[in-house]
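Every chain is numbered from 1, with letters handed out A, B, ... down the list of sequences.
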Amino acid sequence: MDNSPKTENSLTIYPFVVPNLLISYCCILVMPEKQRGRYAALAIAAVVIVVGIPLWWKTTETYRAWLPFSEISELDSLQLQLSVDIEVVFSRGTLTPEQQKKFPLSHVNEKEHQVDVSIPELLTSPSTEADLSLHMLSESSCGSVVVYVIPESSTLLPEDVKVYVGQRRTALLRSPPFKTSWNLKEVLSNLDVEVEQVVSTMSFGHQDIVAALSNRVRMTKVTKESMADSMRAIKSSPGYEITFSLLNPDPKSHSLHWDIEGAVQSYIQPLLNKLAPIANFSVDSQILYYAVLGVNPRFDNSVSAYTLSADSLSHVINPVEARLGSNAASSNPVLNFLLYVPDAHHSPLFIRDHSKRKVPSNAFHSPRWGGIMVYNVNEMYGPEAERPVDININMAKVMGVFLAQLRLMLGVQHTHPPTGFVLQSPGSAGLADWELDRLLWSRSVENIATASTTITSLAQLLDQIGNIVINDNIAQQVSSAVTSLQSAVAELEAGNLAFALQYSREAILASERAFFDPSLLHLLYFPDDQKFAIYIPLFLPMCVPIVLSLLKIVSEAKKRRADKQAKSD
Amino acid sequence: FRLSSLIGHISTCPSLIGQCCQRHPGSVDEFQEELVIRPLHSGDIYASFQFRTLWDTDFLQEGQKVSHYRLFPKSLGQVLSKFSVRELHISFTQGFWRTMQWGQPFIPSPPGAELWVWFHDTVSDVDGNWKELTNVLSGIFCASLNFIDLTNTVQPSASFKPLGLGNATDHRFLRYATLPREIVCTENLTPWKKLLPCGSKAGLAVLLKSEKLFHSSFHSQAVHIRPVCQDEQCTSKAWELRQTLNVVFDLYTAGQGKKAFRSSIYLNCGKTGELFELSPATPLLSQAVVLGDRRTYSVFDLTRAETFGQLRSLNLLLRWKGDGGEMLRPLLHAERYVAGFGLQTGEIHTVIYNNHPYRAFPVLLMDSVPWYLQLYIHTLTVTSKSRDNKPSYIHYQPAKDRHRPHLLEMLIQLPPHSMTEVTVQFERALLKWTEYTPDPNHGFYVGSSVVSALVPSMVAMSTNFTQDQPLFSSFVPVKEESSYFVRVYTEPLLVNLPTPDFSMPYNVICLTCTVVAVGYGSFYNLLTRTFQVDEPSLPLAKRLANLIRRIRGVPLLT
């Protein structure tokens with residue numbers, strides 16, 4: 001046939017375009033011309049679909065590193081199990097010899113040991129000395145609780161006191177009456193209620209956990225009070241900046257001196273040292289001149305003093321805050337404590353609460369922001385004192401108020417012990433060991449909740465918006481956050497409070513770093529539809545002939561089949 | 001015969017000097033403020049405010065954190081200790097100082113923002129600290145200092161020596177950057193005022209009303225922090241924070257204000273005080289030698305009651321006696337411009353004038369040129385009095401594209417009463433399309449060049465250091481009697497770069513796609529078309545012949 005050279009001619013170009021069409025090369029040679037055209041169209045369609053589209057997809061795709069989505073979704077339905085090690089120590093005389101024989105015995109979540117020491121002789125009164133020796137007796141680890149059970153008839157505690165909570169992780173419990181016929185198990189189950197009360201005072205109660213989880217759980221069954229507690233406390237963070245500011249609105253009438261270095265050393269630093277496992281604290285101070293409150297206090301004739309009503313306190317802070325200045329050197333949350341010394345024309349100045357009574361401390365605080373104290377100096381002006389009057393501020397008085405406010409801000413909550421409980425005052429450090437434990441428990445739970453929320457919402461966001469580039473470092477941060485979260489949960493389950501807190505802090509840090517990474521924003525505004533729009537001039541002319549020829553092939557095949565059927569009929 | 005009045009409503013305020021903490025007797029703060037008013041030859045008024053906070057403490061002491069602040073602003077103190085800053089100078093300027101008309105300013109600054117910092121020599125990662133520091137400062141001053149990066153930062157080897165204590169010579173710890181484009185406005189003034197111990201509530205700062213300050217021909221505000229000697233023996237260090245604000249008002253501007261601390265208003269009365277009539281009568285006269293010139297100043301000490309008289313307010317009235325009087329020509333001044341045409345090459349001309357009638361002196365010229373102007377350093381010529389003037393010292397650091405700018409430093413000897421011209425050619429680079437600024441057709445700024453020199457003085461400078469020296473004369477320490485230090489900034493340059501059409505990438509994609517599609521279409525057509533052999537039809541003659549043949553019954557032709 002004389003058309004063969006023509007075919008030859010057109011076919012030589014094939015290898016340039018699609019090498020894999022070479023296979024069909026030999027077949028086509030012998031095929032009739034029409035058949036060849038059909039195969040060519042099919043082959044090109046196949047190449048476009050098999051090679052072209054994936055290639056285009058791959059080259060225009062955004063880079064997305066792998067994220068542990070399944071583990072993150074597991075975290076979403078977070079099941080926390082907190083366990084507290086409780087040692088119940090029975091002092092001599094509380095148990096009968098028969099009961100002592102059945103030893104050792106472990107009871108539900110509570111481990112118990114019989115220690116045969118002469119505690120009763122030692123404990124003559126619930127003094128701190130005794131408390132210390134109790135502590136020496138068994139060095140309890142962070143997060144655990146030791147309950148000493150003393151006989152009912154013991155004179156150690158006053159008549160109506162059922163439980164005495166010491167400064168450390170110990171409590172004395174007056175044993176309820178036992179029947180001598182009970183075995184140890186029955187004795188313990190009889191103690192259950194009291195021990196639970198002790199634990200909810202010294203470690204955590206239901207309310208504390210719910211409050212700590214407040215940003216994950218709808219607050220329905222929470223009392224108003226514990227909600228206020230959790231709203232007041234500043235959010236968990238790896239560090240805090242504490243700033244003391246002395247506001248002197250009128251340097252003309254008084255020049256103020258405050259020994260802030262010494263006061264911080266002796267009042268604030270012990271508490272912060274105690275709180276060191278929770279966060280890093282840094283303390284600084286400044287003096288602001290001509291700083292005024294945002295509200296003009298009203299003169300009250302009945303007490304011949306200026307007063308600030310509770311309603312106006314919310315307007316006090318804003319104008320002052322502009323002067324405070326943000327912390328330039330770190331991005332940790334700042335707690336502000338302001339000492340305001342009213343000028344001579346506006347003093348004395350008193351704060352009144354909602355029921356129009358004078359606030360004894362003359363101070364107030366703003367949740368998660370800090371506290372303000374008004375310090376009146378009008379009695380220090382002599383009758384004919386030369387202005388400016390030199391005034392030394394009594395730091396003990398001021399720091400007492402600020403310390404109380406700081407405890408509130410840090411979430412060292414007032415516990416509401418059940419009746420019959422006596423709490424030892426926290427002593428010079430300002431914080432008892434078990435109070436620290438309470439804080440650690442709620443902080444670890446809060447950290448875990450926050451970190452898991454962050455990670456879950458990040459995963460959700462990345463899942464929803466497919467254009468975001470996920471770099472390897474983000475994937476790494478996310479997985480490290482997930483592993484730290486898992487280990488924190490596991491440590492909580494095992495009752496290792498210190499490790500749990502450590503891991504939960506790591507989780508929070510990693511999750512925040514991943515969430516706020518600037519690289520996540522890069523391609524957010526380059527969506528898919530724009531990508532398609534740009535490539536339309538390529539796609540349209542390419543796809544129309546392919547689709548048309550495919551349609552033609554299909555219709556021809558149909559027609560042929562119909563013909564065949566007609567023939568066979 | 002011109003008249004201008006300055007009204008000051010002034011009330012006294014207590015002194016906070018030497019507020020001392022009992023436990024740490026070493027820690028003393030002191031605040032001092034000063035306003036110098038200088039009537040300029042052009043008829044404008046130059047007002048220079050200086051606020052100085054001295055604190056006898058050491059931010060860089062090992063193991064002891066400074067965290068309790070009194071007069072010193074906390075935000076700056078934290079920055080100093082966090083980034084181990086030894087010396088920090090930052091200025092924001094709107095407008096250009098016209099040296100020839102106005103004479104030498106007390107504290108010079110280039111248009112836009114300028115920042116130079118000496119870090120302590122214990123800093124290991126200077127570039128990291130610098131990056132973070134610029135970001136923090138940009139937050140403190142509400143300025144775009146965060147645009148300072150390695151592409152506009154240089155390490156001058158000789159031009160910027162520390163002004164405070166310490167003889168740092170290793171310029172690895174120095175960083176210098178300018179943002180000539182920076183626009184200075186009220187949002188920069190407010191945070192600057194906040195750094196003053198009394199804010200704008202008392203003292204001379206009350207005069208700083210932004211609607212007045214920015215309605216002026218020149219406005220420059222600066223913050224200088226450096227360690228200084230605590231006393232004359234220089235046994236211990238103190239930190240000095242000097243906030244300066246220089247304004248040039250045109251004629252009919254008035255200000256109002258109150259006063260605090262150790263405050264003084266110095267009024268420049270010219271050499272003899274004959275040029276102006278002043279009311280109220282000057283209570284105090286003082287002579288000061290600054291910038292090589294002895295002048296008499298009327299001093300109003302605002303902390304003293306007798307300054308105010310009965311009304312407890314001070315009104316200053318200044319009456320020009322005539323428009324005569326000589327103006328001291330500045331001995332050194334410099335200007336700069338771009339020459340050339342087209343968008344490919346150009347030439348930078350820097351002209352330095354030595355107006356001294358008989359003394360030659362050396363100057364240090366520093367030029368920092370962005371990388372997108374590729375300097376041809378072999379075309380560098382220095383000519384004075386139409387003769388080649390060979391610089392005795394050249395420090396040149398070539399640029400790296402997108403990494404660092406050119407740095408050119410030269411020590412040039414200026415002959416007396418001469419004009420020295422420094423020229424260098426450059427080629428404009430093509431930027432990537434994302435590297436252009438939002439308004440690329442406006443052009444690209446190149447920062448001012450800096451001329452630093454020890455200029456021979458007409459009068460003897462006093463070299464002894466005293467605490468009571470007025471602030472405006474104590475900024476740059478005087479080392480020798482015969483000369484004084486001057487820094488002159490030239491104009492910034494505005495250079496046009498070749499600017500592309502920014503829809504280009506889309507056009508390119510569309511064009512390529514169309515070409516590919518056309519090629520593909522014909523190709524596809526060729527591949528899938530079915531070729532059929534068409535029987536060639538016979539020529540007309542043959543067909544006619546066949547017709548006849550068919551009739552005749554003869555075999556047909558093919």
Report task. Identify which part of A:Ser245 has an atom lying under 4.5 Å from any heavy atom of chain B, answering side chain, backbone, both or neither. Result -> neither

Report summary line: Of all heavy-atom pairs linking B:Ala517 and A:Pro537, the shortest is CB-O, 3.8 Å

**Report entry** Smallest separation among heavy atoms of A:Arg36 and B:Leu527, with atom names
**Finding:** NH1-O, 3.2 Å

Requested in this report: Would you give the length of the straight line joining atom NZ of B:Lys74 to atom OG of A:Ser285, rounded to the nearest 0.5 angstrom?
Outcome: 9.0 Å

Query raised in the report: When rounded to the nearest 0.5 angstrom, what distance separates CG in A:Leu548 from OH in B:Tyr524?
Result: 8.5 Å

**Report entry** Shortest non-hydrogen contact from A:Tyr535 toward B:Cys513
**Finding:** CD2-SG, 4.5 Å

Query raised in the report: So what's closer than 4.5 Å to chain B heavy atoms on A:Val264: side chain, backbone, both or neither?
Result: side chain

**Report entry** Structural part of A:Leu246 lying under 4.5 Å from a heavy atom of chain B
**Finding:** neither

Query raised in the report: Roughly how far apart are A:Ile536 CD1 and B:Ile509 CD1, rounded to 0.5 Å?
Result: 13.0 Å

**Report entry** Given A:Asp259, A:Ile260, A:Asp284, the one that forms side-chain contact (heavy atoms from CB on, under 4.5 Å) with B:His68
**Finding:** A:Ile260

Query - chain B interface, residue from A:Thr243, A:Leu288, A:Val544 that has the most non-hydrogen pairs under 4.5 Å - result: A:Thr243

Report task. Please check if atom OH in B:Tyr520 has more than 12 non-hydrogen atoms from other residues, nucleotides or ligands closer than 6.0 Å. Result -> yes

